[in-house]
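Below is one structure, written out as structure tokens; comments come after it.
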Amino acid sequence: MKLLLSLLVVSTLPKWAVPQGCIASGRDWESHKAAHNWFGWVLPMRAPLKAVAELVNGGPRIFSGERVRLKCSVPGKVSAEWRYQWFRGGEQLQESEYFVLWKARPQQSGKYYCQGLRTTWISTQHTLHSLPIEIEVDGGWAILQAPPLPMLVGETLTLMCRVRGNPRLTEVILYKDGVELQRQSGPELCVTNLTLQHHGSYWCRASWDGRRQTNSVISVAASVSIIEVLTEPMLEIVPNDPLIHKDRMLLVCHVQLNAREPVSHIHYYFYQDGLSLGLASSQDRVTVLRDSGRYWCKASIPTLGLKRLSEPVPYGRLTGIHQGPVVSLQPRAPSHPDPMKGPPQTTTSIQPSEPLTLPDVSGDSPNTLAPGVGSDDGTVVWKDF
């Protein structure tokens, strides 16, 4: 019996021992414990959690003497109790779920963020830092409150001209880049049907009567960003992709979607010399035969009624009525050519003598995404023409 127990202990020891050749520091030991349990089994590595900081009371821009309240949380269902650490810049502030600035001072302006911590029987787990919330404490008399996030083309911008003490205002004037936009009596100002031209710096002038005189104050400028819901596509031609056949090349349509609500998918179209290269696809790239010509791509979101066409991109030797030069894909010739080889070959931009025929971007009928053309899982695939 004693011999059996001794063998059992000896056989168990390697699972408890720390491999000295692999673990050289305390940090390595913590990583080793996080990846292994005490019985020697390798645990699956999970994606790191990220804390979320949110503004509960107040706004990102407040008057000195006012209060702002922030909250930190860890998304998802968690099995252990979390603690929260607050920071401003590189300064560690306090450990609590809520962080409050009481009677805020201008010196307390800055970017605030938090981190979640929890202690298990193995180690202390830290989440990634949250996205920062920028708090600006204004010591003046007027504040123009603007949305901190970029606005989208077509939306309505709502601005609030606040005055310290909240007096009854008689006139509020809104300025953009030094030009007067609106004049009214209320503090709320609206700019409807936004375009890219509404991007800029805004401020307000507020007036009110008091103590037998008219008072007037001007706010600090607030920056407003306007972006498009669907940016203009940019076509990239990859002629030497190692993953495709040497007789073919890759077309990639780069576009950015900025939507408040989720969108199912974007429809992509590709064209050569004004002719369609295939049916619409949910993929932003396609392989085509390597051929000279001018190429375009189009991105369309039928549910939003949006469609954008890229600029034409020439490739190879263009033929037809206008004979353009060869578009070189090689590096530029050296500034001091070899006299034995003659003058260097230069490349110039293509200047067509006749207007280009652009592809028709109006044909986004439902039958463009033809059912039955695709794989078994419903993904639309390309058909060479």
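Only a predicted model underlies this, so the values are computations on that prediction, with no experimental measurement involved.
Counting Ile, Leu, Val, Met, Phe, Trp and Tyr side chains that sit under 4.5 Å apart, directly or through other members, Leu181 shares a hydrophobic cluster with Trp141, Leu144, Met151, Val153, Leu157, Leu159, Val163, Leu169, Val172, Leu174, Leu189, Val191, Leu194, Leu196, Tyr202, Trp208, Val217, Val224, Ile226. Hydrophobic cluster membership for Val100: Trp102 (Ile, Leu, Val, Met, Phe, Trp, Tyr linked by side-chain heavy atoms under 4.5 Å, directly or transitively). In the hydrophobic clustering, Leu128 connects to no other residue, as no ILVMFWY side-chain heavy atoms lie under 4.5 Å from its own. Membership of the apolar cluster around Tyr98 extends to Val56, as traced through chained side-chain contacts below 4.5 Å between ILVMFWY residues.
For His267 against Ala280, the heavy-atom pair with the smallest separation is CB-CB, 4.5 Å. For the pair Tyr84 and Ser73, the tightest heavy-atom approach, listed with the atom from each and the gap, is CE2-CA, 3.7 Å. Across all their heavy atoms, Ser225 and His199 have their closest contact at CA-ND1, 3.2 Å. When all heavy atoms of Phe87 and Gln92 are compared, the closest pair comes out as CD2-CA, 3.7 Å. Between Arg162 and Arg61, the shortest heavy-atom contact is NH1-O, 4.3 Å. Summarising the geometry of Val52 relative to Cys114, their closest heavy-atom pair is O-SG, 4.1 Å, with the distance given to 0.1 Å.
Side-chain atoms of Lys298 and Tyr268 form no donor-acceptor pair, as typed in the model, at a separation below 3.5 Å. Side-chain atoms of Arg118 and Gln125 include a donor-acceptor pair closer than 3.5 Å. For the 3.5 Å distance criterion, the side chains of Asp291 and Gln272 qualify, holding a donor opposite an acceptor. Counted by atom type alone, Ser96 and Gln94 present one or more donor-acceptor pairs between their side chains at under 3.5 Å. Side-chain contact, Thr119 with Arg83: a donor N or O sits under 3.5 Å from an acceptor N or O. Side chains of Asp209 and Thr170: no donor on one and acceptor on the other come within 3.5 Å.
Under the rule for a salt bridge (Lys or Arg N to Asp or Glu O under 4.0 Å), the partners of Arg260 that lie at least two apart in sequence or sit in another chain are Glu155. Remark: Glu188 engages no residue in a salt bridge (Lys or Arg N to Asp or Glu O under 4.0 Å) (not counting sequence neighbours).
Cluster membership check: Leu306 shares its hydrophobic cluster with Phe270, using side-chain heavy-atom separations under 4.5 Å among Ile, Leu, Val, Met, Phe, Trp and Tyr. Val263 and Ile227 end up in the same hydrophobic cluster when Ile, Leu, Val, Met, Phe, Trp and Tyr side chains are linked at under 4.5 Å. When the side chains of ILVMFWY residues are joined at heavy-atom separations under 4.5 Å, either directly or via intervening members, Leu101 and Leu93 end up in a single hydrophobic cluster. Residues Val286 and Leu250 do not share a hydrophobic cluster, defined by chaining ILVMFWY side chains whose heavy atoms lie under 4.5 Å apart. The same ILVMFWY cluster, assembled from side-chain heavy atoms under 4.5 Å apart, contains both Ile62 and Ile133.
No side-chain heavy atom of Glu236 sits less than 4.5 Å from a side-chain heavy atom of Arg285. With contacts defined as side-chain heavy-atom distances shorter than 4.5 Å, the pair Ser276/Tyr269 does not qualify. At least one side-chain heavy atom of Tyr315 sits under 4.5 Å from a side-chain heavy atom of Pro239. Here the side chains of Ser216 and Arg205 are in contact, with some heavy-atom distance below 4.5 Å. Looking at Ile301 and Leu257, their side chains come closer than 4.5 Å, going by heavy atoms from C-beta outward. At least one side-chain heavy atom of Met249 sits under 4.5 Å from a side-chain heavy atom of Ile237. Side-chain contact check for Val68 versus Asn57: every heavy-atom pair is 4.5 Å or farther apart. When side chains are defined from C-beta on, Tyr295 counts as touching Leu277, because their heavy atoms get closer than 4.5 Å.
Between the Gln115 side chain and the Thr127 main chain, a donor and an acceptor come within less than 3.5 Å of each other. At distances below 3.5 Å, at least one donor-acceptor pair connects side-chain atoms of Asp177 with backbone N or O atoms of Ser201. Listed for the Ser109 side chain is a donor-acceptor partner under 3.5 Å among the backbone atoms of Val137. Using modelled atom types, one side-chain atom of Asn258 and one backbone atom of Glu228 make a donor-acceptor pair closer than 3.5 Å. When atom types are taken as modelled, the side chain of Asp284 and the backbone of Val252 share no donor-acceptor pair closer than 3.5 angstrom. Panel note: side chain Ser292, backbone Arg317; a donor-acceptor pair is recorded below 3.5 Å. Between the side chain of Arg67 and the backbone N or O of Ala104, no donor-acceptor pair lies under 3.5 Å. Side-chain atoms of Thr192 do not come within 3.5 Å of backbone N or O of Thr156 as any donor-acceptor pair.
How far CG of Asp247 is from OG1 of Thr287: 12.0 Å, rounded to the nearest 0.5 Å. Annotation: the span from Glu95 atom CD to Trp86 atom CH2 amounts to 12.5 Å, rounded to 0.5 Å. The distance from atom NE2 of His254 to atom CE of Met234, rounded to the nearest 0.5 Å, is 5.0 Å. The structure places CD1 of Ile266 at 11.5 Å from OG of Ser281, a figure rounded to the nearest 0.5 Å. Distance check: Leu152 CG to Leu230 CG gives 11.5 Å after rounding to the nearest 0.5 Å. A distance of 11.5 Å separates SG in Cys204 from CD in Gln182, rounded to the nearest 0.5 Å.
Between Tyr112 and Phe99, the ring center distance clears the sub-6.0 Å criterion.
The aromatic rings of Tyr113 and His129 sit tilted, their planes meeting at an angle between 30° and 60°.
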Could you give me the CA-CA distance, side-chain angles and deciding distance for Gln85 and Leu117, then say whether side-chain contact (heavy atoms from CB on, under 4.5 Å) is met? CA-CA 8 Å; Gln85 183 69 57; Leu117 304 89; 3.7 Å; yes
Arg183 vs Glu171, test: side-chain contact (heavy atoms from CB on, under 4.5 Å). Steps then yes/no. CA-CA 7 Å; Arg183 184 186 294 255; Glu171 185 180 60; 2.9 Å; yes
Would you please test Ser300 and Arg308 for side-chain contact (heavy atoms from CB on, under 4.5 Å) and show each step? CA-CA 6 Å; Ser300 173; Arg308 299 294 302 273; over 6 Å; no
What verdict does the side-chain contact (heavy atoms from CB on, under 4.5 Å) test give for Trp82 and Leu49, after you've listed the backbone C-alpha separation in whole Å, the side-chain angles of each residue and the deciding distance to 0.1 Å? CA-CA 12 Å; Trp82 287 93; Leu49 296 174; 3.7 Å; yes
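The 12-atom threshold is not exceeded at CD of Glu261, counting heavy atoms of other residues, nucleotides or ligands nearer than 6.0 Å.
Taking 4.0 Å as the cut-off between side-chain N and carboxylate O, Arg105 and Glu66 do not count as a salt-bridged pair.
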